[in-house]
Amino acid sequence: MFRRGRCGPVQMACFAAAAVVLLSAAGPRAQQAPLPGAREVIDRYLQASGGAAAFKAVRSIRGRGKLSISSQNMTGDIEMMAARPNKMITRVTLPGVGRLEEGFDGKIGWSLDPVNGPALVTGRALTERADESWFDAPLHAPDYVREMTMVGREDFDKRSAYRIKVVLASGTEQFELFDVETGLQIGLAATRDTPFGSAPTTTVYRDYQKHGALRL
């Protein structure tokens, strides 16, 4: 039976003492573990992916797959080739449209498409193309990255992730996300130059698979 009434000094003292004990016991458990440093997260990512030595041993990469543009109900083939130190070509073939190509040879960036024909990439778009073509970008070495800062921990693509702000040597800024559990990179957010102006973009990485010594 519960009875309402005034609390005497002894009862108040007991309640206060109990509250202090409860707060003291709950305090440490309520505190989250300290966030790791940005470099620590990157090093763990490299280890989970196969190691820095494995990255450096690869001279070139060729990837092929399928491209789907759901808004236009279109599917096609995509091929990407990259080579050291900073060369890359991406080709997309769409039925009824033809082949579209983007490339960078270390100095010159270009685009080819059946509608607009050939075009050189200039300005900020060229800087971004050069950044994307850097073969050893996953290493986050000083010749590619100027600064890395741990931003915090958040949910991304239904995973708990560390968000790191990365400032590249070119001055380009982007945010990279790494799975707290596996250590692998699962996302990248940045503002990119497009034919329609600057636009925010988000890239999601899933389905890592073993390719030789690397997980990609």
Side-chain angles (χ1 to χ4, degrees), residues 33 35-58 60-83 86 88-95 100-104 128-129 131-141 144-145 148-168 172-194 199-216:
L35 294 172
R39 186 71 245 181
E40 182 181 348
V41 172
I42 296 301
D43 289 343
R44 183 173 176 235
Y45 156 62
L46 292 174
Q47 183 179 9
S49 301
F55 272 107
K56 294 178 181 179
V58 177
S60 63
I61 292 177
R62 181 187 184 190
R64 290 179 293 179
K66 294 292 183 180
L67 175 73
S68 175
I69 306 176
S70 57
S71 61
Q72 300 182 30
N73 195 28
M74 298 176 64
T75 59
D77 298 317
I78 183 170
E79 179 182 37
M80 185 278 292
M81 293 178 287
N86 56 345
M88 184 171 67
I89 293 178
T90 302
R91 295 188 178 114
V92 174
T93 303
L94 294 171
L100 299 86
E101 177 179 297
E102 292 186 348
F104 184 76
E128 293 174 356
R129 184 75 61 84
D131 290 337
E132 293 168 356
S133 302
W134 192 252
F135 199 86
D136 277 338
L139 301 180
H140 293 71
Y144 180 69
V145 173
M148 297 188 297
T149 307
M150 168 61 71
V151 176
R153 181 170 173 169
E154 63 185 67
D155 290 331
F156 179 84
D157 194 33
K158 300 181 181 180
R159 307 288 295 180
S160 181
Y162 294 122
R163 175 182 284 261
I164 294 177
K165 179 181 179 181
V166 178
V167 182
L168 304 183
T172 299
E173 296 184 1
Q174 58 193 33
F175 293 91
E176 301 180 12
L177 295 111
F178 298 85
D179 192 321
V180 172
E181 181 180 349
T182 67
L184 295 169
Q185 184 173 3
I186 57 175
L188 185 148
T191 299
R192 293 290 185 247
D193 189 76
T194 74
T201 65
T202 300
T203 304
V204 178
Y205 302 112
R206 299 175 182 158
D207 193 26
Y208 275 81
Q209 297 181 20
K210 194 82 170 179
H211 297 273
L214 294 176
R215 293 181 67 190
L216 302 173

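The structure places CD of E176 at 11.0 Å from CZ of R163, a figure rounded to the nearest 0.5 Å. Atom-to-atom distance recorded for T90:OG1 and L100:CG is 11.5 Å, nearest 0.5 angstrom. Considering CG of L139 and CG of D43, their distance stands at 10.0 Å, rounded to 0.5 Å. A distance of 13.0 Å separates CG in L177 from CG in L184, rounded to the nearest 0.5 Å. To the nearest 0.5 Å, the span separating CE on M80 from CE on M88 amounts to 7.0 Å.
Residues Y162 and L35 meet the side-chain proximity criterion, which asks for heavy atoms closer than 4.5 Å. Using a 4.5 Å heavy-atom threshold, the side chains of V145 and I42 count as separate. Put simply, the side chain of E132 does not reach to within 4.5 Å of the side chain of E102, judged on heavy atoms. Side-chain atoms of S60 and M81, non-hydrogen and from C-beta on, never get closer than 4.5 Å to each other. In this structure, the side chains of E128 and F104 stay at 4.5 Å or more apart for every pair of heavy atoms. With contacts defined as side-chain heavy-atom distances shorter than 4.5 Å, the pair D131/Q174 does not qualify.
Looking at every heavy atom in both residues, V41 comes nearest to P36 through CG2-CG, 3.7 Å. Between F156 and V204, the shortest heavy-atom distance links the atoms CZ-CG2, 4.0 Å. For E181 against R44, the heavy-atom pair with the smallest separation is O-NH2, 2.7 Å. Closest non-hydrogen pair, S49 versus F55, comes out as CB-CE1, 4.0 Å. Smallest separation of non-hydrogen atoms from L188 and A190: CD2-CB, 4.1 Å. In this structure, G103 and R129 approach most closely via the heavy-atom pair O-NH1, 2.9 Å.
Within 6.0 Å of atom CD in E154, more than 12 heavy atoms from other residues, nucleotides or ligands are found, so the atom counts as buried in its surroundings.
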Acceptor/donor pairs from residues 71-78 side chains to any protein atom, 3.5 angstrom cut, sequence neighbours excluded:
residue, atom, partner, partner atom, Å
D77, OD1, K66, NZ, 2.6

Would you give me the side-chain donor-acceptor pairs under 3.5 Å for residues 209-216, sequence neighbours excluded?
residue, atom, partner, partner atom, Å
Q209, NE2, D207, OD2, 3.1

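The backbone N or O of M148 sits nowhere less than 3.5 Å from a side-chain atom of R39 that would complete a donor-acceptor pair. Side-chain atoms of Y208 come within 3.5 Å of backbone N or O of Q185 as a donor-acceptor pair. Side-chain atoms of R206 never come within 3.5 Å of backbone atoms of I186 as a donor-acceptor pair (strictly under, hydrogens ignored).
Taking the six-membered ring where the residue is Trp, W134 and Y144 present parallel rings, their angle staying beneath 30° rather than reaching 60°.
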Test salt bridge (Lys or Arg N to Asp or Glu O under 4.0 Å) applied to R91 and E101, step by step: CA-CA 4 Å; R91 295 188 178 114; E101 177 179 297; 2.7 Å; yes

